Amino acid sequence: MQSVETTNLNFTINSGQVFLWDKAGDTWYGINGDDLLVVREPFQIISSKRQAHHFFRSDDNLTMILSDISKDNLVGKAVKQFPGLRLMRQDPFQCYISFICSSNSSIQNIRNMLKRLCARFGNKIEYEDRQFFTFPRADRLADATGKELLSCGLGFRAKYVKDAAKSVSSGKIDFEYLKGTSYESALENLKTVRGIGNKIADCILLFSLDKLESFPIDRWTQRILQKYYPKIFDSNGTKSLTEKKYTYLHEKIVEYFGSYAGYSQQFLFKLERDLNKKNWL
DNA sequence: TCATCACCTGGAGA
DNA sequence: ATCTCCAGGTGAT
């Protein structure tokens with residue numbers, strides 16, 4: 001029987017979904033929007049805002065989902081190997097900005113960028129004599145100057161972040177609306193933002209907008225598909241992941257892995273990263 | 001429609 | 001020490 005209490009925090013937090021979590025002793029501290037989450041064993045999650053939420057997706061029927069995705073042998077193997085790996089449900093704006101920053105960057109670098117954004121534009125809060133900075137609000141980032149964002153080390157992403165924040169503060173991008181609309185519609189909507197292509201949009205949809213059929217395809221995922229499923233996801237010819245090919249692959253993926261493909265992706269990704277001894281942090 | 005390439009920056013490896 | 005290379009991509013030719 002799987003449940004939220006069986007969450008493996010190390011696996012889950014270091015799975016590339018979130019960037020603003022730190023461990024001190026037996027306690028994890030994580031920034032989620034304007035909230036600080038504190039998690040310690042035995043599994044107990046505390047919110048500084050006393051918000052009742054399901055950050056670790058405890059409302060998912062995990063037993064059913066893990067059983068469903070285990071129909072594929074390799075995913076089944078990964079589920080057995082990493083039973084406590086979970087998807088998270090992050091604050092959408094933070095997720096959106098985080099993955100825009102992830103473009104052509106490394107995990108460590110993404111962490112640094114986001115921490116600087118928080119320190120500069122977020123609010124300071126204290127908890128158990130520790131200091132934290134919340135994630136900036138959209139209007140705060142929309143009002144930031146290009147120079148300020150560059151000084152946070154965002155590089156060419158600075159203008160994307162500012163524009164993206166503007167889109168949210170103006171209401172052009174509405175996360176609550178996107179949660180309620182279809183996967184395809186939400187995907188297209190997100191991709192109208194500069195700096196967001198298929199891969200980043202899929203990350204935002206999967207990690208913060210409850211679209212479990214999202215299956216972000218990046219270098220790693222592409223390698224996994226070619227390595228283990230060469231016949232099913234035949235990438236004949238073209239090397240680069242074009243718009244057309246991405247869409248085609250995603251259709252095949254949902255057809256093959258099912259409507260919880262996002263969970264499948266997380267397990268496959270963990271499996272392959274582990275093989276390559278990439279532990280992150 | 002597809003392939004190439006530039007893009008800021010910092011960390012890792014030579 | 002100094003340099004090169006590259007990182008869970010995207011947008012412009």
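A note on names: the letters A, B, ... follow the listed sequences, proteins ahead of strands, and every chain is numbered from 1. Note: hydrogens, waters and symmetry copies are ignored here, and every other heavy atom, side chains too, is used. Keep in mind it's a predicted model, so treat the numbers as computed, not measured.
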Practice item. In whole angstrom, give me the gap between the P atoms of dC5(B) and dC5(C). Key: 15 Å
**Study point:** Nearest-Å distance once atom P is located in both dA6(B) and dT4(C)
**Key:** 15 Å
Check your understanding: Over how many whole Å does the gap from Y248(A) atom OH to dC2(B) atom P extend?
Key -> 13 Å
Exercise for review: Send over the distance from K245(A) NZ to dC2(B) C1', rounded to a whole Å.
Suggested key: 11 Å
Review point. Hey, what do you get for CD1 (I173(A)) to CD1 (I196(A)), rounding to the nearest 0.5 Å?
Key: 6.5 Å
Point to revise | Verdict with supporting geometry, F43(A) and T6(A), side chain to side chain contact (heavy atoms under 4.5 Å, CB included) | key: CA-CA 8 Å; F43(A) 199 90; T6(A) 58; over 6 Å; no
Exercise for review: Step by step, work out the salt bridge (charged side-chain N to carboxylate O under 4.0 Å, His left out) result for D139(A) and K166(A).
Suggested key: CA-CA 7 Å; D139(A) 53 0; K166(A) 273 189 190 168; over 6 Å; no
Practice item. Looking at every strand, decide which applies to I217(A) at a 4.0 Å heavy-atom threshold: base, sugar-phosphate, or nothing. Key: nothing
Practice item. May I ask you to decide whether K211(A) forms a salt bridge with D202(A), counting only side-chain N to carboxylate O separations under 4.0 Å? Key: no
Check your understanding: Taking atom C1' in both dG11(B) and dT10(C), what distance in whole Å separates the two?
Key -> 22 Å
Check your understanding: So, is R194(A) close to the dA12(C) phosphate, meaning a side-chain N or O under 4.0 Å from OP1 or OP2?
Key -> yes
For nucleotides 8-11 of chain B, which of its nitrogen or oxygen atoms have a protein nitrogen or oxygen under 3.5 Å away, and what is each distance?
unit_1	atom_1	unit_2	atom_2	d
dC8(B)	O4'	F156(A)	N	3.1
dC8(B)	O2	R157(A)	NH1	2.8
dC8(B)	N3	R157(A)	NH2	3.2
dC8(B)	N4	N104(A)	ND2	3.1
dT9(B)	O2	N109(A)	ND2	3.2

Exercise for review: Hey, can you tell me if Y183(A) and H250(A) have their rings parallel, tilted or perpendicular (30° and 60° cut-offs)?
Suggested key: parallel
**Study point:** P gap between dG13(B) and dG8(C), integer Å
**Key:** 13 Å
**Study point:** Strand DNA chain B as a dot-bracket string - pairs counted if Watson-Crick or G-U with both distances under 3.5 Å, | where the partner lies in another strand
**Key:** ..|||||.||||||
Practice item. Write down the distance separating the P atoms in dT13(C) and dC8(B), rounded off to the nearest Å. Key: 14 Å
Check your understanding: Atom CD1 of I107(A) and atom P of dA7(C): how far apart are they, to the nearest Å?
Key -> 12 Å
Exercise for review: Measure up the F233(A) and F257(A) rings against each other and bin them: parallel (under 30°), tilted (30 to 60°), perpendicular (over 60°).
Suggested key: parallel
Check your understanding: In whole angstroms, how far is the C1' atom of dG11(C) from the CD1 atom of I200(A)?
Key -> 12 Å
Review point. Are the side chain of S102(A) and the backbone of F99(A) linked by a donor-acceptor contact shorter than 3.5 Å?
Key: yes
Check your understanding: Is a side-chain donor-acceptor pair under 3.5 Å present for Y263(A) with D68(A)?
Key -> no
Exercise for review: State whether a side-chain donor-acceptor pair under 3.5 Å links Q108(A) with S106(A).
Suggested key: no
Check your understanding: Given atom CG of L249(A) and atom P of dG8(C), what is their separation to the nearest angstrom?
Key -> 20 Å
Practice item. Using a heavy-atom cut-off of under 4.0 Å over every strand shown, decide if S102(A) touches base, sugar-phosphate, or nothing. Key: nothing
